[in-house]
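Accompanying notes for the structure given below.
Worth knowing before you read on, the calculation uses all heavy atoms, side chains too, and leaves out hydrogens, waters and symmetry mates.
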Amino acid sequence: MRIKDSGRKYGTITILFHWVTAIVMIGMFILGYWMRTLDYYSPYYQSAPRIHESIGLLMFVFVPLFLFWRLGNRNPDDSHLKDYERLTAGIVKKLLYLLMLMLLVSGYLLSTIGDTPVQLFNWFTIPAFITIDESKLLVGKIHEYFAYILMLFAAIHGAAALKHHFIDKDDTLARMLPNLNPKDIQETTKKEDK
Ligand code: HEM
């Protein structure tokens, strides 16, 4: 497998970045949703938000790294796509990055309201670099709606990838999957790797 992205396929690093990001974002959504159902007497009342915040802090580093890695790599060829598919796929991918970043920033702002530092597991605390003078309820709602919108776009994006795989039978999804023999990837493009 190639480390870097090529004209035919995403490389190992991008595939790792993508699937870790997808799994963590979906997991964080489920955790955040469940957290809101906990009452004060739940044994997870303190620990669940701490885990949610700590993973959020790690993603603060991980998602920009994913984005910078992709900006420094080439895009696999998409000449097999129809014009409107290329346009919508491009917009949705950019929106996914933007929504993830907005979700992470709003989560950090929510955690640090009132100048409260954020705990990264039990390792160390990250101070409140920026504090905003807004109600926790409002910032919490903004964070929550970003999460809903991200999940909506991720669902559309995942459904589109499955449609390409099972209905159009092209290699859009295959090239974001690991351990594929390059021969398994259909020749939707005749371009050579450079
Ligand atoms: C929260 C969940 C997800 C997030 C945040 C996410 C995010 C992204 C992002 C940012 C890209 C663009 C990578 C780039 O080219 O720079 C991407 C590409 C891709 N994703 Fe996802 N993704 C998610 C879930 C899924 C799922 C569930 C599937 C499949 C069922 C999927 C399949 C793909 C494929 C095939 C590509 C490459 C598309 C292409 O070559 O045009 N993703 N994803």
Tell me whether [Y] is reachable from [X] by hopping between hydrophobic residues (I, L, V, M, F, W, Y) whose side-chain heavy atoms are closer than 4.5 Å.
X    : Y    : result
F17  : V61  : yes
I3   : Y10  : no
V63  : F129 : yes
L98  : I149 : yes
I156 : Y148 : no

Contact summary for [X] and [Y], nearest pair of heavy atoms:
X    : Y    : result
L99  : F153 : CD1-CD1, 3.8 Å
K136 : L110 : O-CD1, 3.6 Å
W19  : M176 : NE1-O, 2.7 Å
L109 : I130 : CD2-O, 4.1 Å
E134 : I113 : O-CD1, 3.7 Å
M28  : G56  : CE-N, 3.4 Å

Would you indicate whether the side-chain heavy atoms of [Y] and [X] approach each other to under 4.5 Å?
X    : Y    : result
H164 : E85  : yes
K9   : D171 : no
Y97  : R70  : yes
L65  : W69  : no
M102 : I142 : no
T14  : F66  : yes
T21  : H18  : no
W34  : H52  : no

From [atom1] ([X]) to [atom2] ([Y]), nearest 0.5 Å:
X    : Y    : atom1 : atom2 : answer
Q119 : F124 : CD    : CZ    : 10.0 Å
L101 : L67  : CG    : CG    : 6.5 Å
E53  : F121 : CD    : CZ    : 11.0 Å
I26  : M151 : CD1   : CE    : 5.5 Å
L120 : I126 : CG    : CD1   : 5.5 Å
L138 : I132 : CG    : CD1   : 8.0 Å

**Study point:** Aromatic ring pairing Y45/Y40, orientation class (parallel under 30°, perpendicular over 60°, tilted between)
**Key:**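 Rings of Y45 and Y40: perpendicular, as their planes differ by over 60°.
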Practice item. Applying salt bridge (Lys or Arg N to Asp or Glu O under 4.0 Å), run through D77 and R8 and close with a yes or a no. Key: CA-CA 6 Å; D77 181 77; R8 290 186 64 194; over 6 Å; no
Looking at [X], I want to see if its [atom1] is surrounded by more than 12 non-hydrogen atoms of other residues, nucleotides or ligands under 6.0 Å.
X    : atom1 : result
D133 : CG    : no
Y145 : OH    : no
L71  : CG    : yes

Exercise for review: Give the C-alpha distance, both sets of side-chain angles, the deciding distance and a yes or no for side-chain contact (heavy atoms from CB on, under 4.5 Å) between K163 and T172.
Suggested key: CA-CA 10 Å; K163 182 229 170 219; T172 305; over 6 Å; no
**Study point:** Y33 six-ring centre to R36 NZ/CZ under 6.0 Å and within 45° of normal
**Key:**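 Yes, R36 and Y33 form such a contact.
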Tell me whether [X] contacts the main-chain N or O of [Y] through its side chain, where contact means a donor paired with an acceptor under 3.5 Å.
X    : Y    : answer
Y108 : V118 : no
D5   : N73  : no
H143 : L103 : yes
D39  : S42  : yes

Exercise for review: Go through E144 and K141 one step at a time and tell me if the salt bridge (Lys or Arg N to Asp or Glu O under 4.0 Å) criterion holds.
Suggested key: CA-CA 5 Å; E144 183 185 337; K141 278 279 160 224; 3.2 Å; yes
Exercise for review: Step by step, work out the side-chain contact (heavy atoms from CB on, under 4.5 Å) result for M59 and M100.
Suggested key: CA-CA 9 Å; M59 293 312 278; M100 284 192 285; 6.0 Å; no
